[in-house]
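Just below is one structure, and these are the notes that go with it.
Sequential numbering from 1 along the given sequence is applied to the chain's residues.
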Amino acid sequence: MLLGLSAALVVFILDQVSKYWIMNDVLAEKAMIIFTPFFSLVRAWNTGVSFSMFNNWGLSGVIVLSFVALVIIFFLLRWLKTEQSHLVQLSLGFIIGGALGNVTDRIRLGAVFDFLDFSFGSYHWPAFNVADSFICIGACIVIVHGLLAKPAESK
C-alpha cells in the first residue's frame with residue numbers, strides 16, 4: 001500500500017506544481033504559447049469531466065463532480081489496501097494522485113486547469129494536464145494487467 005500512496009503523493013505534487021508554474025510563470029498573462037505545429041501550452045478551464053463533458057453545470061457541477069471523484073478515490077484506496085501486485089499498486093497511486101489533483105483544482109478554483117494542447121492535422125485533442133496524464137497511464141496499466149495477468153493458482 002505504501003508504494004501506491006507514495007505514487008499518489010508524487011503525482012499530486014507534480015500536478016499541482018506544474019499547474020501553478022504554467023499558470024503563473026510560463027503563461028502568466030498569455031492565453032497560449034505555440035511551440036510546434038502540433039503542441040502548444042494553453043490556458044483552459046474545465047468545469048466538467050473528461051473532455052469537458054458536463055461543462056455547463058456551474059457550482060452544482062463542482063459539488064457533484066468533486067463528490068463523485070472523492071467516492072471513487074475512496075474505493076480505489078480500499079482496493080489499494082488489498083492489492084498484491086506492485087504494478088497495480090503503483091497504477092492505483094497514479095489514478096488516486098491525479099484524481100486528487102483535479103479535485104483540488106475543482107474545489108479551490110471552481111474548475112480544473114488544463115494546459116497541454118496537442119493537435120494532428122485538423123484533429124485537435126482536448127487540452128489536459130499532468131493529473132489527466134497519470135490517470136490515463138494508471139488506468140491503462142490496470143486494464144492491461146487485468147487482461148494479461150495469470151489467475152492465481154488454486155491451493
Side-chain angles (χ1 to χ4, degrees), residues 1-77 79-80 83 86-145:
M1 182 163 174
L2 184 59
L3 176 64
L5 292 176
S6 299
L9 180 62
V10 168
V11 168
F12 176 78
I13 291 169
L14 284 173
D15 175 64
Q16 292 297 295
V17 167
S18 66
K19 288 172 180 172
Y20 181 87
W21 179 58
I22 297 295
M23 188 184 328
N24 295 298
D25 294 334
V26 176
L27 287 175
E29 299 300 319
K30 299 177 201 88
M32 175 187 289
I33 298 173
I34 299 171
F35 287 100
T36 69
F38 60 88
F39 174 69
S40 303
L41 291 177
V42 298
R43 183 179 297 272
W45 293 98
N46 182 356
T47 57
V49 292
S50 300
F51 313 118
S52 298
M53 292 185 298
F54 312 117
N55 218 11
N56 299 320
W57 285 12
L59 179 60
S60 62
V62 170
I63 294 167
V64 169
L65 296 174
S66 296
F67 177 76
V68 168
L70 290 171
V71 169
I72 292 168
I73 291 167
F74 171 77
F75 282 105
L76 291 174
L77 286 168
W79 179 5
L80 178 62
E83 181 57 51
H86 292 312
L87 181 61
V88 175
Q89 289 177 17
L90 183 67
S91 302
L92 291 172
F94 288 175
I95 298 166
I96 292 166
L100 284 172
N102 283 343
V103 167
T104 299
D105 279 11
R106 203 175 302 286
I107 292 170
R108 191 170 59 90
L109 305 170
V112 176
F113 179 63
D114 292 328
F115 57 89
L116 298 168
D117 187 54
F118 287 90
S119 59
F120 183 75
S122 63
Y123 181 76
H124 183 253
W125 191 259
F128 60 99
N129 58 43
V130 171
D132 299 333
S133 301
F134 276 100
I135 291 168
C136 288
I137 291 166
C140 287
I141 293 171
V142 167
I143 291 166
V144 169
H145 182 272

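In this pair, Phe128 and Phe118 present their aromatic rings parallel. The plane angle is below 30°, not in the 30 to 60° band.
Considering only heavy atoms from C-beta on, Ile95 stays 4.5 Å or farther from Trp79 through its side chain. Here the side chains of Leu90 and Glu83 are not in contact, with every heavy-atom distance at 4.5 Å or above.
The two residues Val26 and Ile33 make their nearest non-hydrogen contact at O-CD1, 3.5 Å. Taking every heavy atom of both residues into account, Gly98 and Ala131 meet most closely at O-CB, 3.3 Å. In terms of heavy atoms, His86 sits closest to Leu3 at O-CD2, 3.3 Å. Residue Leu77 comes nearest to Leu5 through the heavy atom pair CD2-CD2, 3.8 Å, listed as atom of the first residue, atom of the second, then distance. Nearest heavy-atom pair across Gly97 and Val11 is C-CG1, 3.7 Å. Here the closest non-hydrogen pair linking Leu87 and His145 is CD2-CD2, 4.2 Å.
The line from CG of Leu9 to CD1 of Ile96 is 12.0 Å long, rounded to the nearest 0.5 Å. Distance check: Leu76 CG to Ser91 OG gives 11.0 Å after rounding to the nearest 0.5 Å. Atom CZ of Phe115 is separated from atom CG of Asp132 by 9.0 Å, given to the nearest 0.5 angstrom. Note that the CZ atom of Phe67 and the CD1 atom of Ile72 stand 10.5 Å from one another [nearest 0.5 Å]. Distance check, rounded to the nearest 0.5 Å: CD1 of Ile107 to CG of Leu70 gives 5.5 Å.
Scored by the side-chain contact (heavy atoms from CB on, under 4.5 Å) test, Ala69 finds Val103 as partners (sequence neighbours excluded). Residues that satisfy the side-chain hydrogen bond (donor to acceptor under 3.5 Å, both in side chains) test with Gln89, not counting sequence neighbours, are absent from this structure.
For Tyr123, the OH atom sits in a packed shell: over 12 heavy atoms of surrounding residues, nucleotides or ligands are nearer than 6.0 Å.
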Go through the steps to decide whether Asn129 and Asn102 satisfy the test side chain to side chain contact (heavy atoms under 4.5 Å, CB included), and finish with yes or no.
CA-CA 9 Å; Asn129 58 43; Asn102 283 343; 3.3 Å; yes

Would Leu100 and Gln16 count as a side chain to side chain contact (heavy atoms under 4.5 Å, CB included) here? Give the steps.
CA-CA 10 Å; Leu100 284 172; Gln16 292 297 295; over 6 Å; no

Is there a side chain to side chain contact (heavy atoms under 4.5 Å, CB included) between Leu116 and Trp125 once you walk through the steps?
CA-CA 9 Å; Leu116 298 168; Trp125 191 259; over 6 Å; no

Give the intermediate values and the outcome of side chain to side chain contact (heavy atoms under 4.5 Å, CB included) for residues Asp15 and Phe134.
CA-CA 9 Å; Asp15 175 64; Phe134 276 100; over 6 Å; no

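Judged by distance alone, the side chain of Asp114 and the main-chain N or O of Ala44 form no donor-acceptor pair under 3.5 Å.
For residues 11-38, the ring-ring contact (aromatic ring centres under 6.0 Å, His included) pairs, not counting sequence neighbours, are Phe35-Phe39.
Checked options Glu29, Lys30, Met23; the residue passing with Arg43 is Met23 (criterion: side chain to side chain contact (heavy atoms under 4.5 Å, CB included)).
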